[in-house]
Amino acid sequence: MCGIIGYIGTRQATPILINGLRKLEYRGYDSAGVSVLDTGAGASRVVRCRGKLAALEDKLTREPAAGTVGMGHTRWATHGRPSEENSHPHKSGPISVIHNGIIENHLTLRAELVAAGAKFSSETDTEIFAHLVEHALIAGAPDLTTAVRRSIAKVRGSFAFVVMSDKEPNTIVAAKNSSPLVVGLGDGENYVASDVTAILNETRKVIFLEEGEMVTVTRTGVAITDFEGNPRTHEPKTITWSAVQAEKGGFKHYMLKEIHEQPRAVADTLVGRVNLEADDVSLDGIELDVSKIKRIIFIACGTSYHASMVGEFLVESMARIPTEVDLASEFRYRDPILGPGDLVVAVSQSGETLDTMEAIREAKRKGAQVFAISNVVESSIPRLADYAFYTHAGPEIGVASTKAFTTQLVAISLFAIHLGRRTGTLSKERARELLAELVALPNKMRDIVESGAQIQAIARRYGAANGFLFLGRGSQYPIALEGALKLKEISYIHAEGYAAGEMKHGPIALIDEHLPVVVLVPRGPSYEKTVSNLAEVRARQGKVIAIASRGDNEIGGHSDDVIVVPDTALELQPILTVLPLQMLSYYVADFKGTDIDQPRNLAKSVTVE
Ligand code: AGP
C-alpha cells in the first residue's frame with residue numbers, strides 16, 4: 001500500500017513531505033516522489049526516483065523544490081514495474097496526482113484518452129487520472145474540485161487520490177474510495193495523508209474521510225463533500241496514539257493489523273481480474289496454452305507451501321490437470337523428472353526465498369515453464385519466471401504470514417478458474433458461482449476477523465498448553481498445517497498439523513486432557529468422517545476446538561469450543577477457515593507475551609539455504 005502526504009500552509013513544503021514519508025517507510029515501498037508548487041515559478045516541480053527516500057533527498061539537493069504547497073508519495077508497485085517513470089506524482093499539463101489503490105477500468109480509460117490524443121509517459125493506472133482531470137478542466141470544469149469530481153465519476157476501483165493544479169496554487173483536492181485518507185488540521189496550514197503516522201508530528205487534530213468523500217483543502221480550511229458535491233461535516237478527532245501505535249493503525253501488532261487488512265487485500269487481489277460478464281478470469285493478460293500443459297507442479301516454502309497444497313485441490317478439481325506440490329528445498333535436490341509439458345508454479349510472498357529460486361532454476365534447466373505468484377512486483381522470483389502474477393496484499397510487515405497467504409489462495413483460485421474455463425472442465429455456470437463467491441469473500445472475512453473476542457477467550461483458556469494438534473481433511477489438511485505453523489512461529493508452543501484420517505495411525509497416542517485439538521470441520525464431503533475423528537479425541541478426554549460452518553447445530557455436542565465461519569463454495573472454504581487459526585495463534589502468543597511481529601530465530605524473507 002502506498003504512502004501519501006499533502007501540505008498547504010506558509011512553511012516550505014518539501015521538508016514536511018519528506019519527514020512525513022519517512023514515517024511511512026515501515027509500510028515498504030520501491031520508489032518515492034514529491035510535487036511542490038513553486039508559487040514563484042507559477043508551476044509545480046515534480047521530483048521522483050526509484051529506491052529509498054535517501055535517493056529522493058539526494059536528488060532534491062540537486063533539483064530543489066521550493067514552495068508552500070506540495071504532496072509526496074512512496075509507491076508499492078501493483079501496476080507497472082518499480083521505476084522513476086512509474087513513480088508518483090504523475091503530471092499531465094498543470095495537474096499533479098498521487099494515488100493509493102487500483103483503478104479497475106484503467107485499460108478502457110487509457111484507450112479512450114489515447115484516442116483523444118493523450119500522451120502517456122508511464123505504465124501506471126494513476127497517470128490516467130491526471131489526464132482525466134486535465135481534460136475535465138479543458139472541457140470547462142470551473143475549478144479543480146469540480147474537475148476531480150467529474151473525473152472520479154469515470155473511475156471504478158479503490159482509490160485515495162490527491163490532486164494539485166499549477167493554476168490553483170491555494171488548493172489541494174483529495175478523494176477517498178476504499179483506500180484510507182485522513183485530513184490533518186493546523187493553524188494556517190492543513191494536511192492530507194494515507195494514515196495519521198505521516199502527520200502526527202505536525203498535528204493530532206484529524207478528520208478521517210469516509211467512503212465516497214472528497215475534500216478541498218486550503219490554508220484556512222477544509223470543505224468536505226460526497227462525490228455528488230453534497231456537503232458533509234465531521235467533528236475533528238484528536239489522536240492520542242503514540243507514533244509507534246499509529247504505525248500499526250492503532251493495533252497492538254502489525255500481525256493483528258494485517259489479519260484485519262485481509263478483506264481489503266483480497267478485494268484488491270480480485271480487482272481487474274474477475275470478468276462476471278464472461279464468467280471468466282483474466283490473469284493480467286497472461287494466456288496459458290492449456291493444450292501444452294500436461295502437469296502442474298507447485299513449489300514453495302512454509303506458508304506458501306500450504307497455499308500450494310490447497311492449489312493442488314483447486315487445479316485438479318477445476319481444470320483436471322494432474323497436479324503435484326513439492327517443498328522447494330526438496331524439489332531442487334531430488335533430480336525431478338521434468339519436461340516442456342510441465343508448468344511449475346512458484347509461490348512466494350517475498351519473491352526472494354532462495355530455496356524457491358534455486359528450485360525454479362532447476363525447473364528451467366529441465367525445460368519446464370515457470371509461473372510465479374508473488375506479492376512483490378519485480379522481485380527476484382517473478383523476474384526469474386516465464387510468467388508473473390501478483391497478489392495485491394500490500395507490504396506484509398509481520399514475519400508470520402497472514403494476508404499474503406489468503407491472497408495467495410485467491411490468486412491460485414483465479415489461476416485454477418482460468419485454466420478450467422480453457423480446458424473446458426469448468427462449466428460457465430460453475431465458474432459464475434465461484435466468481436460470485438470470490439467477490440463475496442471480503443465481507444465474510446470481515447465477519448470473522450471482527451469476532452476476535454470469542455477467539456481471545458479461547459486462547460486464554462488454552463494458552464498455557466504445552467502442545468496443540470491441528471486436524472483437517474482434504475483441502476482443510478493444509479489449513480491444519482498452516483494453523484500449526486502460525487502457532488509455532490509466534491507463540492513457541494509445539495504444534496502439529498495432521499491429516500485427520502491419519503490420527504488413528506499414531507498421533508492419537510498424544511490425546512489426553514492436556515492436549516487442545518483444533519479440528520477443521522466445515523460442511524462438506526469430509527464432514528461426517530471428521531466428526532468421528534473429533535469424537536475419538538473427546539473419548540480420550542482431549543479438548544476439541546472445532547472450526548465449523550455457521551448454522552451447524554450438531555458440532556457443539558462433539559466439541560468443547562466452536563468457532564463458526566460463514567458458508568462459501570467448498571473450494572474457497574480454506575480462505576475462511578484459516579482466519580480463526582491466525583487469530584487463535586495471535587491471541588495465544590499475545591497471552592504469552594512473545595515478540596509477535598519479530599519472533600525469535602525467524603526472518604521475513606529467507607534468502608539463505
Ligand atoms: C510464514 O508465516 C513464514 N514466515 C514462512 O514460512 C514463509 O512462508 C516462508 O519462508 C516462505 O516465504 P515466501 O512466501 O516469501 O517465499
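No hydrogens, no waters, no symmetry mates; every other heavy atom, side chains included, goes into these values. When a ligand or atom number is given, it counts from 1 through the structure's own listing order. In this chain, numbering begins with 1 at the start of the sequence shown.
- Scored by the side-chain hydrogen bond (donor to acceptor under 3.5 Å, both in side chains) test, Arg460 finds no partners at all (sequence neighbours excluded).
- Under the side-chain hydrogen bond (donor to acceptor under 3.5 Å, both in side chains) criterion, Arg422 pairs with Asp280, Glu287, His418, sequence neighbours left out.
- For Phe415 and Phe371, the ring centers are positioned less than 6.0 Å apart.
- Using a cut-off of 4.0 Å between Lys/Arg side-chain N and Asp/Glu carboxylate O, Asp560 and Arg461 are scored as not salt-bridged.
- With a 6.0 Å radius and a threshold of 12 heavy atoms from other residues, nucleotides or ligands, Asp289 has its CG atom above the threshold.
- For ligand 1, the protein residues within 4.0 angstrom (heavy atoms only) are Cys301, Gly302, Thr303, Ser304, Ser348, Gln349, Ser350, Thr353, Val399, Ala400, Ser401, Leu485, Lys486, Glu489, Val606.
- Every residue meeting the salt bridge (Lys or Arg N to Asp or Glu O under 4.0 Å) condition with Glu84, not counting sequence neighbours, appears here in chain and number order: Lys59.
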